[in-house]
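Data first, discussion second: the structure below is written as structure tokens.
Just so you know, these numbers come straight off a predicted model, no measurement behind them.
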Amino acid sequence: MTGRTTLPFSGSLGAERFRGPFARWPRICDAILALVTFMLVVQVEDRPGDAIALRPIGSVPIDVLVVSAVAATALFWRRSSSGRVMVVALVAWAIVASSADHATLGAIAMVALYSTGRYAQDLRWSYVAVAGVLLVVVLDGLLARTAVAQIAAGVVVMESAWYVGRRLRLRAERAGRLRREHAAEEQRIRTEERTRIARELHDVVAHRVSMMTVQAGAAKVVAAHDPEAAHQAMAAVEDAGRQALDELRHLLGVLRPDLDRDSVEHDGLGPQPGLADLPDLVQEVRRAGLEVSVTIDEVVAPLAARVELSAYRIVQEALTNVLKHSGPRTRTEVHVRSTACGRGICIEVVDDGSETRTDPVTDTRVPGHGIIGMRERALLLGGSLDAGPRPGCGFRVRAELPTGGPPQ
């Protein structure tokens, strides 16, 4: 029984991560980016004294205008073909580098270089793109007789654009890997929990069927009216009961391949705990130091055995988590009552302790069994479970379970 770790899967309690416009509408934003970059390249020019001025687009030479338009348009495909876009940007920049009456294509190259670091699959081509851009920056600066300090600044800016893109890519890959690991671990926990539930259900049903088998065998002996027919009927009940036990054991072997048949045969067939056993559970956790109060209102009765078992396990898991995460002397309240519609029971465990929460995407710890297991139990019965921190401090677990029809 482990922690309260929450995951994005299956109704995580964590808030949805922020997604900017480039993540929500990538194609539209890339088109706008290409247009804005093109306008900046052709209309912004350097003036003496490091001044920046705007000029009419009509004053730009046609050949420069065409080359700039092609290079800027290529940015639309910067995500899917970042390498090709980088080549187009470098070639365009090299073509217009010798002209002195217009702004260079450095802005387009910088966006393309960032995109290469962010989206390029092959890291080798990414390094080639960096080397190519830095070479063009140096050559363009030398041809324009730019000061060495300004050339160095351009090199730093270009290198920084690629580095930012690369870091964002590594961060996204790490977040994706963590999500996959968490999903795989949660699936493993769900499978493990289903296996344990199957074993407990096996015990419950096997206990009932065993009793049926014993009673049928006794009835076969004491039948007074039409002994032959009673003998045949009870023999059929007995055989059916034994076959049911065999089938259950076979099903258990399928669900738990690591459990051999001998261990199943020799396992005890005693009944599993239910709501009547909650006082004993409370006494046990009180001895461990937890301050627990229990309120059990009148519930719909009788409850199915599987519902009573799941209710007990949910309370047990919730109290264990309180003891583990908040420690002894934590005030805890357990409420068990009928739901408003009268078709199920509501279980609520609240405490006044505290616990440090973490982001489920960036948290590198292995997710715990606690909430996943409790939620799995509730869902398998057709119910629901919510768990999360209370306002201020403390934690709250609330489960609703259907009555499950007649007891089994």
Side-chain angles (χ1 to χ4, degrees), residues 22 29-30 32-55 57 59-170:
F22 278 88
C29 289
D30 284 347
I32 295 175
L33 175 65
L35 178 60
V36 171
T37 306
F38 170 73
M39 298 302 296
L40 289 176
V41 165
V42 299
Q43 288 197 280
V44 176
E45 63 176 348
D46 294 332
R47 292 288 177 85
D50 293 333
I52 297 178
L54 296 178
R55 63 179 176 182
I57 193 172
S59 64
V60 181
I62 295 298
D63 56 342
V64 172
L65 195 62
V66 172
V67 172
S68 301
V70 171
T73 303
L75 294 179
F76 183 76
W77 293 276
R78 66 188 186 91
R79 300 172 190 264
S80 58
S81 303
S82 58
R84 294 185 177 89
V85 172
M86 188 73 254
V87 171
V88 172
L90 284 177
V91 172
W93 194 1
I95 291 175
V96 301
S98 59
S99 178
D101 61 347
H102 67 280
T104 65
L105 303 189
I108 295 177
M110 184 170 63
V111 175
L113 189 58
Y114 163 83
S115 302
T116 302
R118 180 69 175 84
Y119 303 109
Q121 300 292 335
D122 193 336
L123 187 59
R124 295 174 299 177
W125 289 110
S126 186
Y127 289 148
V128 171
V130 173
V133 169
L134 297 184
L135 178 62
V136 174
V137 168
V138 173
L139 292 178
D140 189 24
L142 293 177
L143 290 175
R145 297 181 180 181
T146 305
V148 175
Q150 292 182 341
I151 296 177
V155 169
V156 171
V157 170
M158 291 297 180
E159 176 68 20
S160 298
W162 176 85
Y163 179 78
V164 170
R166 184 63 187 171
R167 292 301 300 175
L168 290 177
R169 177 178 178 83
L170 293 176

Notebook entry, point to check: Are Y119 and W77 near enough that their ring centres are under 6.0 Å apart?
Noted result: no
Checklist line | For A69 against T73, the heavy-atom pair lying closest together | finding: O-OG1, 2.6 Å
Check: Taking the side chain as C-beta and beyond, is there a heavy-atom pair between R167 and Y163 under 4.5 Å?
Finding: yes
Next item on the list: For T116, enumerate each residue passing the side chain to side chain donor-acceptor pair (under 3.5 Å) test, keeping only those at least two apart in sequence or located in another chain.
Entry: none
Notebook entry, point to check: What distance separates D63 CG from S68 OG, expressed to the nearest 0.5 Å?
Noted result: 9.0 Å
Check: Is there a side-chain contact (heavy atoms from CB on, under 4.5 Å) between V133 and M86 once you walk through the steps?
Finding: CA-CA 9 Å; V133 169; M86 188 73 254; 3.2 Å; yes
Check: Measuring from E159:CD to R166:CZ, what's the distance to the nearest 0.5 Å?
Finding: 12.5 Å
Checklist line | Considering all heavy atoms, the nearest T37-L33 contact | finding: OG1-O, 2.7 Å
Item checked: Euclidean distance, F38 CZ relative to I108 CD1, rounded to 0.5 Å -> 8.0 Å
Note to self: Between V64 and V42, is there a side-chain heavy-atom distance shorter than 4.5 Å?
What the structure shows: no
Notebook entry, point to check: So, for A74 and V88, which heavy atoms are closest and what is the spacing to 0.1 Å?
Noted result: CB-CG1, 4.0 Å
Check: Which heavy-atom pair separates I95 from V67 by the least distance, and what is that distance?
Finding: CG2-CG2, 4.3 Å
Item checked: Least distance between heavy atoms, A72 atom then A34 atom -> O-CB, 3.1 Å
Checklist line | Test log, rule side-chain contact (heavy atoms from CB on, under 4.5 Å), inputs V85 and F76 | finding: CA-CA 9 Å; V85 172; F76 183 76; over 6 Å; no
Checklist line | Rounded distance [0.5 Å steps], OG in S115 versus CG in D30 | finding: 7.5 Å
Notebook entry, point to check: Between Q121 and R169, what is the shortest heavy-atom contact and its length?
Noted result: OE1-NH2, 3.2 Å
